[in-house]
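Scroll down for the structure; my scribbles are underneath it.
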Amino acid sequence: MKVTLNNQAISRLLQQVAAALEVQQADRFRIIAYQRAAVAVEHATAEIKDWWDEGRLTDVPGIGKALATHLDELFRTGKVRHFASIFRGLPPAMFVFLDLSGVGAKTAYKLCKELGIKRATGALARLETAAKAGKVRQLEDFGEQSEKDLLQALAALKKPAKKRMRLVFADQLAQKIINYLARNPAVLKIDPLGSLRRQTATVGDIDIAVATQKPQTVIKNFVSFPGTKKILIQGSKTARIVLATGQQVDLKTQSPDAYGALLQHFTGSKQHNIHLREIAQKKGWSLSEYGLKREAGTKKFADEKSLYQALGMPWIPPELREDTGEIEASLKHQLPKLIQLNDIKGDLHLHSDFKFKTSHDLGESPMDSMVKKAREIGYEYLGFSEHNPSTTNTQKQMIKIIRRKKETIDKLNYSMNKNTQKQIKILNGLEIDIKTNGQLAVSDEALKLLDYAIASVHAHFQMSPKAMTARLLAGLNHPKVKILGHPTGRQIGTREGYEADWEKIFSFCRQRDIWLEINAWPERLDLPDFLVREAVKNGVKLIINSDSHALSQLDLLPYGVAVARRGWAQPKDIINTLPWSALSVRLKPMKGGESTK
DNA sequence: GCCGTTTTCGGCCCGACTGTTTTCAGTCG
């Protein structure tokens, strides 16, 4: 059987080996090694097969000499003899059962053995029949409750997996709950936790931490949050509710003197925490959500900073806590000084309601209102980059439209700046489709009227990576094009980004001083964080834009900043941290492909 | 099986919860 060897498939295979070893009561740490490798592969930012192509499998943390040899065999022949010998004698059905919540390797094996289920095909249906007939409760170590749990897990598996929330949605929901709780005087400190605090593009559940001396007061307040549909847990220190809209919200309380350890622990990530605990252990301590434990007792921490300091390193920003080198960097005092929202000096991707027959959606708000808002934010410049006119317009009509827009913006530059000290530069941009053949949807003559252009892909995403790379590079090959808009085209939850040879694109952009956009639009957040990090490593400049189609959307920029931070970006990597005086130089078309750096 | 600012050998993360138990194994985050 031909199986695609993507990371998910490889991770699953390694998990299965770990489960098989567990049943065989192999060395505990050998099992953990396979589990860790499985997680590492699952979380890898590129396809492991590509790493293998480049002969650097052992660069993946958790993959050593032995596993590299096995994976090499897997990629060459499609199977691994060593794994096959580990699987020998075990019922294939047990690996199906691992997907059931509450069922691990031992339980899965026991169920297969006792119920006589061997084949993977139809295994779940057979298990369900047995459980419904009351046969599971009769098995040793099982009871009525575990049979019931099993049936529930079987039912849950049939339902589609719970969807993760987009970051913006989760953030705004959490803010509502935080504002509600913060009114309670018993709440001394309050913070979001987990992937929300780490600002990942999607968030599962919302977790909130509270420092308080009166946990009961806070918990009582929490479970009566308006919109609560069900209280799942109401304990002495924690609580869990489900909202009418379906989201699950956890609350964790801690006394102020130990709040730092709680915050750190539940912010994760899991891999980051494991790594920290290993470091604590080498120093003779044991790290947990309560603090650092020694024989003498537990040392508490009121804040995270002092906890990280006790472990011998400066505080690490939550966005970096994925165990992808941030702990090593912190130990060496080499953490990047991450970009912050107030470093941003302007926004070059705005869609106004300027009337014309456009190729895609128009904005909703008038230009002058957006300029006013930009000035309130404190921007030094902003650029209107509506979609290019529809190609059903004649070339003549197109040029007329763009000339009319240029004149409008010229007037606006005058009227908005005439009676004020605080000047704001308004730019005439355009977001232009890159057609499948790599051509821009606007003529050269029209391009001359612009201050700059954003080139983007808005249709025909299904292309081979090679063809897509050629398309993008051709689209960027014009002196007026300064930005590649939402570079991967992904739409979170609905559309994977297209694949392309990013190294080639990085190198082109670096040479030609073209900037990759970090689009802050909630469904996009594109470039994704892991590609931001690659771009930064490659010396490519980025620009964080809101892609606003309405006035209020200028406020979405912080989510783009979050993506940049997750990608280890510093102010120097982000072009719109430059003041207007410097940016204006960079916007001038380059001659002969030379770099201005 | 992995890994190295005390190690190429000898270590390897922590605690909560649950069910079926009379002290713990398995699972999970």
Side-chain angles (χ1 to χ4, degrees), chain A residues 14-15 17-41 57-71 80 82-83 86 97-111 136-150 152-153 193-195 204-205 207 232-233 235-238 240 248 250 252 254 261-262 264-293 298 311-313 323 327-334:
Chain A
L14 293 172
Q15 264 164 9
V17 175
L21 289 170
E22 217 175 327
V23 172
Q24 288 156 4
Q25 299 187 315
D27 176 57
R28 193 160 70 89
F29 297 108
R30 212 176 134 214
I31 297 167
I32 291 172
Y34 272 96
Q35 287 170 340
R36 286 190 137 194
V39 171
V41 170
L57 269 181
T58 50
D59 287 359
V60 182
I63 294 183
K65 231 175 162 182
L67 269 173
T69 310
H70 295 326
L71 290 181
V80 183
H82 180 61
F83 292 174
I86 292 173
F97 294 165
L98 290 178
D99 290 337
L100 292 162
S101 153
V103 175
K106 300 261 171 83
T107 312
Y109 178 73
K110 222 184 290 173
L111 286 169
V136 170
R137 69 180 75 180
Q138 293 163 10
L139 307 178
E140 201 181 336
D141 292 328
F142 287 86
E144 256 181 70
Q145 186 59 44
S146 39
E147 188 175 81
K148 219 171 103 190
D149 291 346
L150 204 55
Q152 260 186 15
L193 295 167
S195 51
D205 298 325
D207 302 301
L232 291 181
I233 297 173
S236 59
K237 297 187 74 181
T238 69
R240 172 173 297 163
Q248 184 174 302
D250 279 19
K252 302 186 191 297
Q254 182 62 273
L262 177 85
Q264 195 291 314
H265 180 86
F266 287 106
T267 296
S269 68
K270 188 180 172 182
Q271 299 312 116
H272 176 89
N273 285 358
I274 289 174
H275 195 158
L276 279 190
R277 285 180 216 136
E278 284 168 354
I279 288 172
Q281 198 179 42
K282 279 177 192 143
K283 293 177 185 284
W285 299 321
S286 163
L287 174 64
S288 78
E289 66 210 75
Y290 300 107
L292 279 176
K293 199 163 71 183
T298 301
L311 292 170
M313 66 186 94
D323 196 24
I327 292 174
E328 291 84 347
S330 187
L331 283 167
K332 285 188 232 158
H333 295 265
Q334 285 172 2

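Below, chain A is the first sequence line, B the second, and so on; all start at residue 1.
Nucleic acid contact class of D27(A) (heavy atoms, under 4.0 Å, all strands): base. Nucleic acid contact for L287(A): sugar-phosphate only, since backbone atoms but no base atoms lie under 4.0 Å from a heavy atom of the residue. Using a 4.0 Å heavy-atom criterion, one finds that Y290(A) contacts the sugar-phosphate atoms exclusively. At the heavy-atom level, L67(A) lies under 4.0 Å from the strands shown only through sugar-phosphate atoms. Using a 4.0 Å heavy-atom cutoff across all strands shown, A105(A) reaches sugar-phosphate atoms only and no base atom. Nucleic acid contact for L276(A): none, since no nucleic acid atom lies under 4.0 Å from a heavy atom of the residue.
Taking the six-membered ring for Trp and thresholds of 30 and 60 degrees, F83(A) and Y34(A) have ring planes more than 60 degrees apart, a perpendicular arrangement.
The distance between atom NE2 of H275(A) and atom C1' of dC3(B), rounded to the nearest whole Å, is 11 Å. Counting to the nearest Å, the P atom of dT27(B) and the CG atom of L150(A) are 12 Å from each other. Computed from coordinates, the R30(A) CZ to dC2(B) P distance equals 10 Å when rounded to whole Å. A straight line from CD1 of I32(A) to C1' of dG1(B) spans 11 Å, rounded to a whole angstrom. Between the C1' atom of dC2(B) and the CD1 atom of I31(A) lies a distance of 15 Å, rounded to the nearest Å. Atoms CZ (R240(A)) and P (dG29(B)) sit 10 Å apart, rounded to a whole Å. As a whole-Å value, the separation of I279(A) CD1 from dG4(B) C1' is 13 Å. L57(A) has its CG atom 15 Å from the C1' atom of dG1(B), to the nearest Å.
Distances shorter than 4.0 Å separate some side-chain N or O of T107(A) from OP1 or OP2 on dT27(B). Within the structure, a side-chain polar atom (N or O) of Q281(A) is placed less than 4.0 Å from OP1 or OP2 of dC14(B). Between Y109(A) and the phosphate of dG26(B), there is no side-chain N or O to OP1/OP2 separation shorter than 4.0 Å.
Proximity note for S286(A) (side chain, C-beta onward) versus dG1(B), dT27(B), dG15(B): the nearest is dG15(B). For K270(A), counting side-chain heavy atoms from C-beta on, the closest listed nucleotide (dG29(B), dG1(B), dT5(B)) is dG29(B). The side chain of K282(A) lies closest to dT7(B), out of dT7(B), dC14(B), dG15(B). Closest to the E22(A) side chain, of the nucleotides dG15(B), dT27(B), dG29(B), is dT27(B). Of the candidate nucleotides dG29(B), dG15(B), dC2(B), dG15(B) has the atom nearest to the side chain of S288(A). Among the nucleotides dT27(B), dT7(B), dG1(B), the one closest to the side chain of H82(A) is dG1(B). Here the side chain of A66(A) is nearest to one of dG15(B), dT5(B), dC2(B), namely dC2(B).
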Give the intermediate values and the outcome of side-chain contact (heavy atoms from CB on, under 4.5 Å) for residues V39(A) and K270(A).
-> CA-CA 11 Å; V39(A) 171; K270(A) 188 180 172 182; over 6 Å; no
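For the atom pair L287(A) CG and T298(A) OG1, the distance stands at 10.5 Å (nearest 0.5 Å).
For the pair Q254(A)/Y290(A), a side-chain contact is recorded, criterion being any heavy-atom separation below 4.5 Å from C-beta on. At a threshold of 4.5 Å between non-hydrogen side-chain atoms, the residues D250(A) and L193(A) do not count as touching. By the 4.5 Å heavy-atom criterion applied to side chains, H272(A) and Q264(A) are counted as neighbours.
The partner of dG29(B), taking Watson-Crick or G-U wobble pairs whose two distances both stay under 3.5 Å, is dC14(B).
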In B/S/- notation (B base, S sugar-phosphate only, - none; protein heavy atoms under 4.0 Å), nucleotides 19-24 of chain B written 5' to 3' is SS----
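Residue pairs meeting the side chain to side chain donor-acceptor pair (under 3.5 Å) criterion with at least one partner in residues 20-32 of chain A, sequence neighbours excluded, do not occur; the list is empty.
Each of K293(A) and K106(A) has a nearest nucleotide on DNA chain B; the 5'-most of these lies closest to K293(A). Comparing A33(A) and E278(A), the nucleotide of DNA chain B nearest to each residue sits closer to the 5' end for A33(A).
Taking atom P in both dT8(B) and dC3(B), the straight-line distance is 16 Å, to the nearest Å. Taking atom P on both nucleotides, dA25(B) is separated from dT21(B) by 14 Å, rounded to a whole Å. With both ends at atom C1', the span from dC17(B) to dT23(B) equals 16 Å, rounded to whole Å. Comparing the same atom, C1', in dT7(B) and in dC12(B) gives a spacing of 13 Å after rounding to whole Å. Only the C1' atoms considered, dA16(B) is 26 Å distant from dG11(B), to the nearest whole Å. dT20(B) and dG26(B): their C1' atoms are spaced 12 Å apart (whole Å).
With hydrogens and angles ignored, the 3.5 Å screen pairs no side-chain donor or acceptor of Q15(A) with any backbone N or O of A38(A).
When all heavy atoms of A20(A) and I86(A) are compared, the closest pair comes out as CB-CG2, 3.7 Å.
Partners of T238(A) under the side chain to side chain contact (heavy atoms under 4.5 Å, CB included) rule, at least two apart in sequence or in another chain, are I233(A), K252(A).
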